[in-house]
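Structure first, commentary second.
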Amino acid sequence: MSASETAAKLPAAPGGRRMTNRIHPGTALLGLVLVTLPLWITHIGGYTDIVSRVLIYALAAMGLNLLLGFTGGLSFGHAAYFGLGSYVVGLMLKYATHSVPLALIAGTLAGGIVASLLAPLCVRRRGIYFAMITIAIGQLFYFVAIRWASVTGGYDGLTGFSRHNIHVLPHLTWTLGSTGLYYLVLLCFAIAAWFIFAILNSPLGHSFVAVRENQKRLRFLGVNVHFYAGVSFAISGFVVALAGGLNALLDNFTSPNSLSNNLSGDLVIIAVLGGMRNFWGPFVGAAIFVLVRDYASNATSNWMTVIGLIFVLSVMFFPLGVMGFLQRKGKVQS
(Lines give C-alpha, C1' and ligand atoms only; values in the text may rest on other atoms or scores of the structure.)
Protein backbone atom coordinates (compact mmCIF):
# COMPACT_ATOMS: atom_id res chain seq x y z
CA MET A 1 0.00 0.00 0.00
CA SER A 2 1.38 3.42 -0.97
CA ALA A 3 1.52 6.47 1.25
CA SER A 4 -1.26 8.13 -0.75
CA GLU A 5 -3.53 5.09 -0.32
CA THR A 6 -2.86 5.20 3.40
CA ALA A 7 -3.73 8.90 3.45
CA ALA A 8 -7.11 8.16 1.93
CA LYS A 9 -7.94 5.94 4.91
CA LEU A 10 -6.86 8.46 7.48
CA PRO A 11 -9.41 10.86 8.98
CA ALA A 12 -9.56 14.39 7.68
CA ALA A 13 -7.62 16.99 9.60
CA PRO A 14 -9.47 18.34 12.63
CA GLY A 15 -11.58 21.28 11.66
CA GLY A 16 -10.89 20.82 7.96
CA ARG A 17 -12.19 19.14 4.84
CA ARG A 18 -10.28 17.25 2.20
CA MET A 19 -8.93 19.27 -0.68
CA THR A 20 -10.95 19.09 -3.90
CA ASN A 21 -10.18 19.91 -7.51
CA ARG A 22 -13.14 22.23 -8.00
CA ILE A 23 -12.60 25.98 -7.73
CA HIS A 24 -14.59 27.62 -4.96
CA PRO A 25 -16.49 30.78 -5.94
CA GLY A 26 -14.58 32.65 -3.25
CA THR A 27 -11.32 31.86 -5.04
CA ALA A 28 -12.66 33.26 -8.31
CA LEU A 29 -13.84 36.39 -6.48
CA LEU A 30 -10.42 36.79 -4.85
CA GLY A 31 -8.78 36.54 -8.27
CA LEU A 32 -11.08 39.24 -9.66
CA VAL A 33 -10.34 41.54 -6.71
CA LEU A 34 -6.57 41.09 -7.06
CA VAL A 35 -6.55 41.63 -10.83
CA THR A 36 -8.55 44.86 -10.61
CA LEU A 37 -6.95 46.11 -7.39
CA PRO A 38 -4.72 48.86 -8.88
CA LEU A 39 -7.84 50.49 -10.32
CA TRP A 40 -9.46 51.17 -6.95
CA ILE A 41 -6.94 50.66 -4.15
CA THR A 42 -5.98 54.36 -3.95
CA HIS A 43 -9.64 55.34 -3.51
CA ILE A 44 -9.76 53.54 -0.15
CA GLY A 45 -6.47 54.97 1.11
CA GLY A 46 -4.26 52.05 0.13
CA TYR A 47 -1.37 51.60 -2.28
CA THR A 48 -0.18 48.79 -4.53
CA ASP A 49 3.18 48.21 -2.82
CA ILE A 50 1.58 47.10 0.42
CA VAL A 51 -0.59 44.59 -1.45
CA SER A 52 2.55 43.36 -3.24
CA ARG A 53 4.05 42.85 0.21
CA VAL A 54 0.97 40.89 1.29
CA LEU A 55 1.25 38.60 -1.75
CA ILE A 56 4.99 38.07 -1.18
CA TYR A 57 4.53 37.16 2.48
CA ALA A 58 1.52 35.03 1.61
CA LEU A 59 3.58 33.16 -0.97
CA ALA A 60 6.38 32.55 1.53
CA ALA A 61 3.90 31.40 4.19
CA MET A 62 2.13 29.11 1.69
CA GLY A 63 5.49 27.53 0.93
CA LEU A 64 6.18 27.05 4.63
CA ASN A 65 2.63 25.81 5.16
CA LEU A 66 3.21 22.97 2.70
CA LEU A 67 5.74 21.67 5.23
CA LEU A 68 4.11 22.92 8.44
CA GLY A 69 0.39 22.50 7.89
CA PHE A 70 0.22 19.62 5.43
CA THR A 71 3.33 17.57 6.29
CA GLY A 72 3.65 18.34 9.99
CA GLY A 73 7.18 19.80 10.13
CA LEU A 74 7.64 22.95 12.21
CA SER A 75 10.51 24.94 10.69
CA PHE A 76 11.89 28.07 12.33
CA GLY A 77 14.59 28.49 9.70
CA HIS A 78 12.80 29.02 6.40
CA ALA A 79 14.01 32.61 6.24
CA ALA A 80 17.31 31.05 5.11
CA TYR A 81 15.76 30.20 1.73
CA PHE A 82 13.84 33.47 1.60
CA GLY A 83 17.09 35.35 2.14
CA LEU A 84 19.04 33.22 -0.32
CA GLY A 85 16.49 33.97 -3.02
CA SER A 86 16.64 37.64 -2.14
CA TYR A 87 20.44 37.89 -2.17
CA VAL A 88 20.90 35.92 -5.38
CA VAL A 89 18.37 38.12 -7.19
CA GLY A 90 20.18 41.22 -5.93
CA LEU A 91 23.63 39.89 -6.87
CA MET A 92 22.43 38.80 -10.31
CA LEU A 93 20.94 42.21 -11.06
CA LYS A 94 24.01 44.01 -9.71
CA TYR A 95 26.77 41.99 -11.37
CA ALA A 96 25.43 39.57 -13.98
CA THR A 97 22.26 40.60 -15.81
CA HIS A 98 19.51 43.18 -16.20
CA SER A 99 16.96 40.44 -16.86
CA VAL A 100 14.48 40.30 -13.99
CA PRO A 101 13.03 36.90 -15.02
CA LEU A 102 16.52 35.38 -15.20
CA ALA A 103 17.43 36.82 -11.80
CA LEU A 104 14.17 35.47 -10.29
CA ILE A 105 14.82 32.01 -11.73
CA ALA A 106 18.37 32.05 -10.37
CA GLY A 107 17.21 33.13 -6.91
CA THR A 108 14.46 30.51 -6.81
CA LEU A 109 16.84 27.76 -7.91
CA ALA A 110 19.51 28.82 -5.40
CA GLY A 111 17.19 28.74 -2.40
CA GLY A 112 15.38 25.61 -3.58
CA ILE A 113 18.53 23.63 -4.32
CA VAL A 114 20.02 24.49 -0.92
CA ALA A 115 16.75 23.39 0.73
CA SER A 116 16.86 20.14 -1.27
CA LEU A 117 20.42 19.44 -0.15
CA LEU A 118 19.63 20.16 3.51
CA ALA A 119 16.29 18.31 3.54
CA PRO A 120 17.75 14.80 4.15
CA LEU A 121 19.60 16.13 7.21
CA CYS A 122 16.62 18.00 8.66
CA VAL A 123 13.85 15.43 8.18
CA ARG A 124 15.71 12.68 10.05
CA ARG A 125 14.37 14.22 13.25
CA ARG A 126 10.88 15.24 14.32
CA GLY A 127 9.30 17.71 16.68
CA ILE A 128 11.53 19.99 18.71
CA TYR A 129 14.70 18.42 17.29
CA PHE A 130 13.58 19.18 13.74
CA ALA A 131 12.79 22.76 14.74
CA MET A 132 16.19 23.18 16.43
CA ILE A 133 18.03 21.94 13.33
CA THR A 134 16.19 24.43 11.13
CA ILE A 135 16.96 27.26 13.56
CA ALA A 136 20.67 26.36 13.49
CA ILE A 137 20.72 26.30 9.68
CA GLY A 138 18.94 29.64 9.52
CA GLN A 139 21.46 31.21 11.90
CA LEU A 140 24.33 29.77 9.88
CA PHE A 141 23.20 31.59 6.73
CA TYR A 142 22.43 34.73 8.73
CA PHE A 143 25.99 34.98 10.07
CA VAL A 144 27.50 34.13 6.67
CA ALA A 145 25.61 37.12 5.24
CA ILE A 146 26.98 39.34 8.01
CA ARG A 147 30.59 38.15 7.85
CA TRP A 148 30.88 37.99 4.06
CA ALA A 149 30.56 41.74 3.82
CA SER A 150 32.59 42.05 0.59
CA VAL A 151 29.77 40.25 -1.25
CA THR A 152 26.64 40.78 0.83
CA GLY A 153 27.32 44.23 2.28
CA GLY A 154 27.29 42.85 5.82
CA TYR A 155 25.07 44.64 8.31
CA ASP A 156 24.40 47.42 5.79
CA GLY A 157 22.80 45.02 3.33
CA LEU A 158 23.13 44.64 -0.41
CA THR A 159 22.53 47.81 -2.42
CA GLY A 160 23.39 49.05 -5.90
CA PHE A 161 20.82 47.03 -7.84
CA SER A 162 17.37 47.83 -9.11
CA ARG A 163 14.65 46.14 -11.11
CA HIS A 164 14.64 46.71 -14.86
CA ASN A 165 11.77 46.70 -17.32
CA ILE A 166 11.02 43.38 -19.00
CA HIS A 167 11.14 43.34 -22.79
CA VAL A 168 8.38 40.85 -23.56
CA LEU A 169 8.48 41.43 -27.35
CA PRO A 170 10.62 43.72 -29.55
CA HIS A 171 8.02 46.48 -29.29
CA LEU A 172 6.36 45.47 -26.03
CA THR A 173 7.88 46.37 -22.65
CA TRP A 174 6.60 45.41 -19.21
CA THR A 175 7.35 48.51 -17.14
CA LEU A 176 8.17 47.54 -13.57
CA GLY A 177 6.90 50.58 -11.76
CA SER A 178 4.71 50.10 -8.72
CA THR A 179 1.77 48.76 -10.72
CA GLY A 180 3.90 46.73 -13.13
CA LEU A 181 5.75 45.05 -10.26
CA TYR A 182 2.44 44.31 -8.56
CA TYR A 183 1.25 42.37 -11.59
CA LEU A 184 4.57 40.51 -11.76
CA VAL A 185 4.18 39.53 -8.11
CA LEU A 186 0.56 38.57 -8.72
CA LEU A 187 1.55 36.41 -11.71
CA CYS A 188 4.23 34.60 -9.70
CA PHE A 189 1.83 34.20 -6.78
CA ALA A 190 -0.89 32.74 -9.03
CA ILE A 191 1.49 30.26 -10.68
CA ALA A 192 2.99 29.15 -7.36
CA ALA A 193 -0.45 28.87 -5.70
CA TRP A 194 -1.73 26.74 -8.59
CA PHE A 195 1.40 24.59 -8.34
CA ILE A 196 0.93 24.03 -4.60
CA PHE A 197 -2.79 23.34 -5.09
CA ALA A 198 -2.02 20.77 -7.80
CA ILE A 199 0.51 19.04 -5.55
CA LEU A 200 -1.89 18.89 -2.61
CA ASN A 201 -4.54 17.29 -4.82
CA SER A 202 -2.11 14.72 -6.21
CA PRO A 203 -1.02 11.38 -4.69
CA LEU A 204 2.15 13.17 -3.57
CA GLY A 205 0.11 15.69 -1.59
CA HIS A 206 -1.94 12.89 -0.03
CA SER A 207 1.36 11.32 0.99
CA PHE A 208 2.37 14.54 2.75
CA VAL A 209 -0.87 14.46 4.76
CA ALA A 210 -0.28 10.79 5.59
CA VAL A 211 3.17 11.68 6.94
CA ARG A 212 1.57 14.34 9.11
CA GLU A 213 -1.20 12.12 10.40
CA ASN A 214 0.47 8.78 11.14
CA GLN A 215 4.15 8.15 10.49
CA LYS A 216 4.17 4.92 12.48
CA ARG A 217 1.54 3.38 10.22
CA LEU A 218 3.50 4.42 7.14
CA ARG A 219 6.70 2.87 8.46
CA PHE A 220 4.83 -0.32 9.29
CA LEU A 221 3.65 -0.43 5.66
CA GLY A 222 7.20 0.03 4.42
CA VAL A 223 6.81 3.63 3.21
CA ASN A 224 9.94 5.80 3.23
CA VAL A 225 8.66 8.61 5.45
CA HIS A 226 11.92 10.58 5.24
CA PHE A 227 11.67 10.69 1.45
CA TYR A 228 8.21 12.28 1.42
CA ALA A 229 9.08 14.70 4.21
CA GLY A 230 12.25 15.65 2.33
CA VAL A 231 10.33 16.29 -0.90
CA SER A 232 7.91 18.54 0.98
CA PHE A 233 10.84 20.39 2.55
CA ALA A 234 12.51 20.89 -0.83
CA ILE A 235 9.37 22.15 -2.61
CA SER A 236 8.73 24.46 0.30
CA GLY A 237 12.24 25.88 -0.09
CA PHE A 238 11.72 26.65 -3.79
CA VAL A 239 8.48 28.53 -3.11
CA VAL A 240 9.92 30.52 -0.21
CA ALA A 241 13.01 31.40 -2.28
CA LEU A 242 10.77 32.76 -5.05
CA ALA A 243 9.04 34.97 -2.49
CA GLY A 244 12.44 36.21 -1.27
CA GLY A 245 13.46 37.14 -4.80
CA LEU A 246 10.26 39.10 -5.31
CA ASN A 247 10.86 40.89 -2.01
CA ALA A 248 14.29 42.02 -3.22
CA LEU A 249 12.65 43.45 -6.35
CA LEU A 250 10.04 45.26 -4.29
CA ASP A 251 12.60 46.95 -2.03
CA ASN A 252 15.53 47.20 -4.48
CA PHE A 253 17.48 46.16 -1.39
CA THR A 254 18.12 43.16 0.80
CA SER A 255 19.83 42.70 4.16
CA PRO A 256 20.61 39.99 6.74
CA ASN A 257 17.13 40.63 8.16
CA SER A 258 15.77 38.59 5.26
CA LEU A 259 17.70 35.61 6.70
CA SER A 260 16.90 36.17 10.35
CA ASN A 261 15.00 33.91 12.70
CA ASN A 262 12.64 36.83 13.32
CA LEU A 263 11.38 36.52 9.75
CA SER A 264 11.10 32.74 10.13
CA GLY A 265 8.97 33.31 13.22
CA ASP A 266 6.84 35.84 11.33
CA LEU A 267 6.12 33.25 8.63
CA VAL A 268 5.05 30.72 11.26
CA ILE A 269 2.81 33.36 12.89
CA ILE A 270 1.24 34.16 9.51
CA ALA A 271 0.51 30.49 8.78
CA VAL A 272 -0.95 29.82 12.24
CA LEU A 273 -2.92 33.08 12.31
CA GLY A 274 -4.63 32.41 9.00
CA GLY A 275 -5.03 28.65 9.43
CA MET A 276 -2.11 26.33 8.76
CA ARG A 277 -4.25 23.39 7.58
CA ASN A 278 -6.18 25.51 5.14
CA PHE A 279 -4.90 26.28 1.64
CA TRP A 280 -5.80 29.99 1.77
CA GLY A 281 -4.98 30.37 5.46
CA PRO A 282 -1.49 31.83 4.88
CA PHE A 283 -2.93 34.43 2.51
CA VAL A 284 -5.42 35.62 5.13
CA GLY A 285 -2.71 35.55 7.79
CA ALA A 286 -0.35 37.57 5.59
CA ALA A 287 -3.04 40.20 4.91
CA ILE A 288 -3.71 40.59 8.64
CA PHE A 289 -0.02 40.61 9.58
CA VAL A 290 1.22 43.05 6.93
CA LEU A 291 -1.69 45.49 7.18
CA VAL A 292 -1.65 45.56 10.98
CA ARG A 293 2.13 45.99 11.01
CA ASP A 294 1.95 48.83 8.48
CA TYR A 295 -0.79 50.82 10.17
CA ALA A 296 0.23 50.01 13.75
CA SER A 297 3.84 51.05 13.10
CA ASN A 298 2.56 54.46 11.97
CA ALA A 299 0.64 54.84 15.22
CA THR A 300 3.13 53.47 17.75
CA SER A 301 6.71 52.26 18.01
CA ASN A 302 5.41 49.26 19.98
CA TRP A 303 3.67 47.76 16.97
CA MET A 304 5.12 44.32 17.76
CA THR A 305 3.00 44.31 20.91
CA VAL A 306 -0.09 44.69 18.75
CA ILE A 307 0.98 41.77 16.54
CA GLY A 308 1.72 39.66 19.61
CA LEU A 309 -1.65 40.45 21.18
CA ILE A 310 -3.49 39.52 17.98
CA PHE A 311 -1.54 36.25 17.77
CA VAL A 312 -2.26 35.35 21.41
CA LEU A 313 -5.98 36.07 20.98
CA SER A 314 -6.02 34.04 17.78
CA VAL A 315 -4.42 31.03 19.45
CA MET A 316 -6.82 31.30 22.40
CA PHE A 317 -10.08 31.79 20.51
CA PHE A 318 -9.27 30.58 16.96
CA PRO A 319 -6.89 27.64 17.42
CA LEU A 320 -7.52 26.55 13.82
CA GLY A 321 -6.79 30.03 12.50
CA VAL A 322 -9.18 32.51 10.94
CA MET A 323 -9.90 30.34 7.90
CA GLY A 324 -10.21 27.23 10.04
CA PHE A 325 -12.77 29.00 12.23
CA LEU A 326 -14.80 30.18 9.24
CA GLN A 327 -14.58 26.77 7.64
CA ARG A 328 -15.79 25.12 10.81
CA LYS A 329 -18.76 27.47 10.82
CA GLY A 330 -19.54 26.40 7.27
CA LYS A 331 -18.97 29.85 5.77
CA VAL A 332 -15.83 29.03 3.82
CA GLN A 333 -14.79 25.87 2.04
CA SER A 334 -11.21 25.22 0.96
Side-chain angles (χ1 to χ4, degrees), residues 37 41-61 64 74-83 85-87 90 131 134-135 138-139 141-143 145-147 149 152-162 178 181-182 185 240 243-276 281-319 321-322:
L37 184 137
I41 187 67
T42 56
H43 297 293
I44 60 173
Y47 52 100
T48 54
D49 279 357
I50 193 172
V51 186
S52 296
R53 185 86 62 191
V54 169
L55 291 176
I56 290 169
Y57 274 61
L59 180 58
L64 173 62
L74 175 57
S75 171
F76 281 111
H78 258 51
Y81 317 114
F82 187 96
S86 184
Y87 269 102
T134 60
I135 290 174
Q139 285 296 93
F141 283 101
Y142 175 75
F143 283 110
I146 290 175
R147 299 297 183 185
T152 64
Y155 284 106
D156 295 330
L158 181 65
T159 58
F161 69 91
S162 61
S178 180
L181 178 63
Y182 167 76
V185 172
V240 174
L246 291 170
N247 195 66
L249 292 177
L250 177 62
D251 294 335
N252 285 322
F253 170 77
T254 188
S255 73
N257 290 334
S258 65
L259 292 154
S260 70
N261 285 336
N262 288 337
L263 178 59
S264 295
D266 289 344
L267 296 181
V268 173
I269 289 174
I270 289 170
V272 174
L273 182 61
M276 64 181 183
F283 176 83
V284 174
I288 296 172
F289 182 89
V290 173
L291 294 176
V292 169
R293 183 181 67 176
D294 183 73
Y295 291 107
S297 62
N298 290 330
T300 175
S301 59
N302 295 321
W303 61 269
M304 292 184 67
T305 303
V306 179
I307 294 290
L309 180 61
I310 291 175
F311 182 67
V312 170
L313 293 175
S314 173
V315 171
M316 290 178 61
F317 298 104
F318 307 104
V322 174

| message | Which heavy atom of Gly138 sits nearest to which heavy atom of Ala80, and what is that distance? | response | CA-CB, 4.0 Å
| query | Of all heavy-atom pairs between Ser75 and Val268, which one has the smallest distance, and what is that distance? | reply | O-CG2, 3.5 Å
| said: Between Thr254 and Asn247, is the side-chain contact (heavy atoms from CB on, under 4.5 Å) condition met? List the steps. | reply: CA-CA 8 Å; Thr254 188; Asn247 195 66; 6.0 Å; no
| task | Begin with the C-alpha distance, continue with both residues' side-chain angles, and end with the deciding distance and a verdict on side-chain contact (heavy atoms from CB on, under 4.5 Å) for Leu55 and Phe283. | result | CA-CA 7 Å; Leu55 291 176; Phe283 176 83; 3.7 Å; yes
| request: Scan Phe82, Tyr81, Phe76 and name whichever one has a ring-ring contact (aromatic ring centres under 6.0 Å, His included) with His78. | output: Tyr81
| Cut-off 3.5 Å, side chains only: do Asp49 and Ser178 have a donor facing an acceptor? | yes
| What distance do Asn302 atom CG and Leu309 atom CG have between them, rounded to the nearest 0.5 Å? | 12.5 Å
| said: Restricting to non-hydrogen atoms, name the atom on Pro319 and the atom on Met316 that form the minimum distance, rounded to 0.1 Å. | reply: CD-O, 4.4 Å
| Residues that Phe318 engages under ring pair (Phe, Tyr, Trp, His ring centres under 6.0 Å), provided they are two or more places apart | Phe325
| said: If you compare all heavy atoms of Asn261 against all heavy atoms of Gln139, which two are closest, and at what distance to 0.1 Å? | reply: ND2-OE1, 3.0 Å
| Which residue pairs pass the side chain to side chain donor-acceptor pair (under 3.5 Å) test with at least one member in residues 283-300, sequence neighbours excluded? | Tyr47-Asp294
| task | Starting at CD1 of Ile50, measure out to CG of Leu291 and round the result to the nearest 0.5 Å. | result | 5.0 Å
| query | Can you pull the salt bridge (charged side-chain N to carboxylate O under 4.0 Å, His left out) pairs that have at least one residue in residues 244-268, sequence neighbours excluded? | reply | Arg53-Asp251
| message | Please give me the minimum heavy-atom distance between Val185 and Ser52, naming the atom from each residue. | response | CG1-O, 3.9 Å
| Of all heavy-atom pairs between Ala243 and Ile56, which one has the smallest distance, and what is that distance? | O-CG2, 3.3 Å
| request: State, yes or no, whether a side-chain contact exists between Leu263 and Asn257 at a heavy-atom distance under 4.5 Å. | output: no
| query | With Phe311, which residues qualify under side chain to side chain contact (heavy atoms under 4.5 Å, CB included), at least two apart? | reply | Ile269, Val272, Val315
| What distance do Ile270 atom CD1 and Leu64 atom CG have between them, rounded to the nearest 0.5 Å? | 9.5 Å
| said: Please check: side-chain N/O of Ser264 versus main-chain N/O of Ala79, any donor-acceptor pairing under 3.5 Å? | reply: yes
| field | Pairs touching residues 303-316 that satisfy side chain to side chain donor-acceptor pair (under 3.5 Å), sequence neighbours left out | value | none
Expected list for residues 153-161: side-chain donor-acceptor pairs under 3.5 angstrom, two or more places apart:
none

| field | Leu259 and Phe143, any side-chain heavy atoms less than 4.5 Å apart | value | no
